[in-house]
Enquirer: 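Pasting a structure below so you can have a look.
Just so it is clear, the structure is predicted and the values come from calculations on it, not from any experiment. The residues of the chain are indexed from 1 along the displayed sequence.
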Amino acid sequence: MVRIETSPEDLAGMAVAEGILTARGGMTSHAAVVARGMGKCCVSGAGALNIDYKQRTVEINGLLLREGDFISLNGTTGEIYEGKVETQAAELSDDFAELMELAEKYARLQVRTNADTPHDAIVARKFGASGIGLCRTEHMFFEGEKIKAMREMILAENAEGRKKALEKILPYQKDDFKGIFAAMHDCPVTVRLLDPLLHEFVPHDAKGQQEMAEAMGVPVSIIKQRVETLWEQNPMLGHRGCRLGNTYPEITEMQTRAILSAALELKKEGITAIPEIMVPLTGILYEFLEQEKIIRNTAKQLFEETGDSIEYKVGTMIEIPRAALTADRIASSAEFFSFGTNDLTQMTFGYSRDDIASFLPVYLDKKILKFDPFQVLDQNGVGQLVRMATEKGRAVRPDLKCGICGEHGVNPRLLSSATV
């Protein structure tokens with residue numbers, strides 16, 4: 001699959017693609033992060049690509065490729081080859097399995113996986129993951145009837161209309177969580193509540209808007225108007241994360257019910273699920289408290305309805321510098337922290353992680369930067385925020401569980417100086 005850049009709308013194509021190639025982005029772009037979770041080969045930020053969606057062609061240094069032509073990718077080196085190159089699937093060999101089993105006895109850190117589907121969870125479990133550190137729930141909204149119901153929710157004019165649409169999504173979400181919890185039985189699963197902007201769930205091209213209008217049974221003008229109202233000047237700093245859940249609490253209610261209902265059903269089947277509900281993009285204690293209130297109230301209502309209950313935790317992502325600076329206040333309610341170092345790096349440096357490739361080579365060449373801060377965690381700045389947040393949080397809550405769910409967590413250079 002070749003794209004200028006990917007978004008959650010491309011998930012269906014990414015799922016069936018053997019490899020993913022993008023012209024923009026980097027190690028922490030959407031394509032790279034999702035592909036890694038799927039276990040797929042990905043090359044992102046290949047600036048030499050000239051992609052023409054209308055003609056369905058890709059031009060690379062004078063070579064013109066058309067849809068259907070074969071190319072091969074080397075995800076390690078970033079090289080692109082014309083034609084087919086023989087590949088071999090990764091496997092857990094006997095020697096590697098024995099080594100991992102030995103290492104587990106002495107490991108000081110637990111390694112969880114990023115997984116958004118039951119299949120990804122099963123694969124990760126086979127490779128020794130001790131749980132899921134980040135399950136992105138937005139990736140569950142893009143298949144078949146799910147995206148249709150999601151778009152009905154976006155078009156709704158009031159809370160009643162949104163709840164009606166979300167009721168259609170609830171059983172799909174619950175089934176996804178059941179599969180994920182079952183694959184990770186007896187291991188904790190950190191589920192992040194809906195994070196991205198709503199505009200990512202609607203089409204932005206005329207053809208897609210026309211198709212959506214026909215599916216929704218409304219004039220295309222209404223679709224265009226709604227898409228325009230969802231547009232934001234600075235989307236990464238806009239109406240997303242906990243801001244979305246606090247504005248539309250019915251979304252958080254539905255997701256909480258889906259998560260805990262799945263765990264309760266598995267309990268009856270003798271399977272232990274350990275859900276950890278994570279509130280994204282918290283910057284102010286009161287943002288978290290509002291989301292926690294919705295989660296706790298929904299859980300209480302569900303437990304009363306079913307006559308049963310399970311243990312669960314409510315925590316948050318630390319990805320805004322202010323959250324790190326006021327971590328002691330946030331830890332007074334949050335039961336765990338998960339450092340989203342991708343966004344924390346982006347907001348601390350003021351660098352767009354999707355656009356840094358335009359000047360990063362020059363900065364590295366001139367030694368302005370010693371390394372790509374989205375590949376190697378900046379210890380002097382971002383690292384200090386992580387340490388500060390951990391120390392402040394544990395001063396208030398000594399048993400506070402802390403982890404890293406950003407891409408920095410896979411870099412060995414970080415593990416040698418881990419503060420969490």
Enquirer: Assess Arg243 against Tyr248: is NZ or CZ under 6.0 Å from the centre of the six-membered ring, and within 45 degrees of the ring's axis?
Expert: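 No, Arg243 does not sit over the ring of Tyr248.
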Enquirer: Spell out, as yes or no, whether a donor-acceptor pair under 3.5 Å connects the side chain of Asp355 to the backbone of Ser352.
Expert: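 No; zero donor-acceptor contacts below 3.5 Å.
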Enquirer: Any salt bridge linking Lys178 with Glu265? Criterion: basic side-chain nitrogen under 4.0 Å from a carboxylate oxygen.
Expert: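 Judged by the 4.0 Å cut-off on N to carboxylate O distance, Lys178 and Glu265 do form a salt bridge.
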Enquirer: Tell me if a side-chain donor or acceptor on Ser29 pairs with a main-chain N or O of Asp354 at a distance below 3.5 Å.
Expert: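 A pair under 3.5 Å: no.
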Enquirer: What residue pairs, at least two apart or across chains, pass side chain to side chain donor-acceptor pair (under 3.5 Å) with a residue in residues 361-373?
Expert: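 Listed by first then second residue: Asp372-Gln375.
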Enquirer: Return all side-chain donor-acceptor pairs below 3.5 angstrom for residues 327-338, not counting sequence neighbours, or 'none' if the list is empty.
Expert:
residue, atom, partner, partner atom, Å
Ser332, OG, Arg329, O, 2.4
Glu335, OE1, Arg296, NH2, 3.1
Glu335, OE1, Val314, N, 2.8

Enquirer: Does Asp378 reach the main-chain N or O of Gly381 with its side chain, forming a donor-acceptor pair under 3.5 Å?
Expert: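 Side chain of Asp378 to backbone of Gly381, a donor-acceptor pair under 3.5 Å: yes, one is there.
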Enquirer: So which atom in Cys242 and which in Gln291 form the shortest heavy-atom distance, rounded to 0.1 Å?
Expert: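 That would be CB-CG, 4.1 Å.
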Enquirer: For the residue pair Thr282 / Thr316, report whether a side-chain donor-acceptor contact shorter than 3.5 Å exists.
Expert: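 Side chains of Thr316 and Thr282: pair found under 3.5 Å.
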Enquirer: Once you round to the nearest 0.5 Å, how far does OG1 of Thr272 lie from NZ of Lys267?
Expert: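 With rounding to 0.5 Å, OG1 (Thr272) is 9.0 Å from NZ (Lys267).
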Enquirer: Distance-only, no hydrogens or angles: does the Asn74 side chain make a donor-acceptor pair with backbone N or O of Thr77 under 3.5 Å?
Expert: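 Here the side-chain-to-backbone pair exists.
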Enquirer: Please determine whether side chain to side chain contact (heavy atoms under 4.5 Å, CB included) holds for the pair Ile320 and Asp343, giving the CA-CA distance in whole Å, both sets of side-chain angles, and the decisive distance to 0.1 Å.
Expert: CA-CA 7 Å; Ile320 294 178; Asp343 271 351; over 6 Å; no
Enquirer: To the nearest 0.5 Å, tell me how far Ile154 CD1 sits from Arg226 CZ.
Expert: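 The distance works out to 7.5 Å.
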Enquirer: Judged by modelled atom types alone, do Glu287 and Asn246 share a side-chain donor-acceptor pair under 3.5 Å?
Expert: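 Asn246 and Glu287 do not have a side-chain donor-acceptor pair below 3.5 Å.
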Enquirer: Rounded to the nearest 0.5 Å, how far does CE of Met14 lie from CZ of Arg3?
Expert: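 The distance works out to 10.0 Å.
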Enquirer: For the pair Arg112 (side chain) and Ile132 (backbone), establish whether a donor and an acceptor sit closer than 3.5 Å, ignoring hydrogens and angles.
Expert: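 Side chain of Arg112 to backbone of Ile132, a donor-acceptor pair under 3.5 Å: yes, one is there.
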Enquirer: Atom SG of Cys135 and atom CZ of Phe181: how far apart are they, to the nearest 0.5 Å?
Expert: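 Here the interatomic distance stands at 7.5 Å.
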Enquirer: For residues Gly78 and Val43, report the shortest heavy-atom separation together with the two atoms involved.
Expert: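 Distance-wise, the nearest heavy atoms are O-CG1, 3.7 Å.
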Enquirer: Taking only residues two or more places apart in sequence, or in another chain, which ones meet Tyr312 in a ring-ring contact (aromatic ring centres under 6.0 Å, His included)?
Expert: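 Partners of Tyr312 under the ring-ring contact (aromatic ring centres under 6.0 Å, His included) test: none.
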Enquirer: Please check this pair: side chain of Lys40 against backbone of Ala17, looking for a donor-acceptor N/O pair closer than 3.5 Å.
Expert: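 Looks like yes, one N/O pair under 3.5 Å.
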Enquirer: Tell me, which pairs form a side chain to side chain donor-acceptor pair (under 3.5 Å) where one or both residues lie in residues 132-141, sequence neighbours left out?
Expert: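 Listed by first then second residue: Asp116-Arg136, Asp116-His139, Thr137-Gln255, Glu138-Arg192.
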Enquirer: Going from OG on Ser261 to CG on Asp175, what distance comes out if it is rounded to the nearest 0.5 angstrom?
Expert: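 Here the interatomic distance stands at 11.0 Å.
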Enquirer: Which atom names give the shortest non-hydrogen contact between Gly131 and Met184, and what distance separates them?
Expert: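 Between these two residues, the closest heavy atoms are CA-SD, 3.8 Å.
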Enquirer: Does the cation-pi check pass for Lys84 over Phe70, that is, NZ or CZ under 6.0 Å from the six-membered ring centre and within 45° of its axis?
Expert: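 Here Lys84 passes the 6.0 Å and 45° test against Phe70.
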Enquirer: Hey, does Phe303 have a side-chain heavy atom less than 4.5 Å from the side chain of Ile310?
Expert: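 Side chain of Ile310 against side chain of Phe303, heavy atoms only: contact under 4.5 Å found.
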Enquirer: For Thr348, check side chain to side chain contact (heavy atoms under 4.5 Å, CB included) against everything at least two apart and list the hits.
Expert: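 Applying side chain to side chain contact (heavy atoms under 4.5 Å, CB included) to Thr348 gives Pro321, Leu344, Val382, Leu385.
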Enquirer: Which heavy atom in Gly238 sits nearest to a heavy atom in Leu197, and how many Å separate them?
Expert: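 Nearest pair, atom of Gly238 first, then Leu197: C-CD2, 4.1 Å.
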Enquirer: Do any side-chain atoms of residues 18-27 form donor-acceptor pairs under 3.5 angstrom with protein atoms, and if so which ones, sequence neighbours left out?
Expert:
residue, atom, partner, partner atom, Å
Thr22, OG1, Arg24, O, 2.8
Arg24, NH1, Glu5, OE2, 3.4

Enquirer: Taking all atoms of both residues into account, what is the closest heavy-atom pair of Arg322 and Gly283, and its distance?
Expert: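 That would be NH1-O, 3.0 Å.
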Enquirer: Do we see a donor-acceptor contact under 3.5 Å between the side chains of Thr6 and His30?
Expert: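 Their side chains do contain a donor-acceptor pair, which is all the 3.5 Å distance test asks for.
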Enquirer: Does a donor on one side chain and an acceptor on the other come within less than 3.5 Å for Gln173 and Asp176?
Expert: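 Absent: no donor and acceptor within the cut-off.
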Enquirer: Before giving the answer on ring pair (Phe, Tyr, Trp, His ring centres under 6.0 Å), spell out for Phe141 and Tyr172 the whole-Å C-alpha distance, their side-chain angles and the decisive distance to 0.1 Å.
Expert: CA-CA 9 Å; Phe141 289 105; Tyr172 295 118; over 10 Å; no
Enquirer: Given 3.5 Å as the limit, does a donor-acceptor pair link the side chain of Gln346 with the main chain of Arg353, or not?
Expert: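 Yes: the side chain of Gln346 pairs with the backbone of Arg353.
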Enquirer: Looking at the rings of His239 and His199, which for Trp means the six-membered one, are their centres under 6.0 Å apart?
Expert: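 That pair fails the under 6.0 Å test.
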Enquirer: Within the distance-only criterion (no hydrogens, no angle test), does the side chain of His408 pair as donor or acceptor with the backbone N or O of Gly340 below 3.5 angstrom?
Expert: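 Judged by distance alone, no pair lies under 3.5 Å.
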Enquirer: What I want to find out is whether Glu200 reaches Arg240 closely enough, with some N-O distance under 4.0 Å, to be called a salt bridge.
Expert: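 Arg240 and Glu200: not salt-bridged.
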Enquirer: Return the minimal non-hydrogen interatomic distance between Cys405 and Gly133, and the atom names on each side.
Expert: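 Distance-wise, the nearest heavy atoms are CB-O, 4.2 Å.
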Enquirer: Look at the side chain of Glu319 and the backbone N and O of Leu281, then say whether any donor-acceptor pair between them is shorter than 3.5 Å.
Expert: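 Confirmed, Glu319 side chain pairs with Leu281 backbone.
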Enquirer: Find the distance between CG (Asn297) and CG (Leu302) and round it off to the nearest 0.5 Å.
Expert: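 If I round to the nearest 0.5 Å, the distance is 12.5 Å.
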Enquirer: Less than 4.0 Å between a side-chain N and a carboxylate O, is that true for Lys268 and Asp308?
Expert: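 Lys268 and Asp308: not salt-bridged.
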Enquirer: May I have the step-by-step check of side chain to side chain contact (heavy atoms under 4.5 Å, CB included) for Ile277 and Thr256, ending in yes or no?
Expert: CA-CA 8 Å; Ile277 301 175; Thr256 300; 4.3 Å; yes
Enquirer: Taking the six-membered ring for Trp and the single ring otherwise, decide whether the centroids of Phe359 and Tyr351 are under 6.0 Å apart.
Expert: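 When the ring centroids of Phe359 and Tyr351 are compared, they turn out to be within the sub-6.0 Å range.
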Enquirer: When you measure from the side chain of Arg394 to the backbone of Leu400, do you find a donor-acceptor pair of N or O atoms at a distance under 3.5 Å?
Expert: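 Yes, because the side chain of Arg394 sits within donor-acceptor range (under 3.5 Å) of the backbone of Leu400.
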Enquirer: Should Glu290 and Lys293 count as an ion pair when the cut-off is N to O under 4.0 Å?
Expert: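 Yes, Glu290 and Lys293 are salt-bridged.
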Enquirer: Could you check whether Glu250 pairs with Arg162 (Lys NZ or Arg NE/NH1/NH2 to Asp/Glu carboxylate O, under 4.0 Å)?
Expert: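 Salt bridge between Glu250 and Arg162, a charged N being under 4.0 Å from a carboxylate O: yes.
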Enquirer: For Glu82, look at atom CD and say whether over 12 heavy atoms of other residues, nucleotides or ligands are found less than 6.0 Å away.
Expert: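 Not buried by this count: 12 neighbours or fewer within 6.0 Å.
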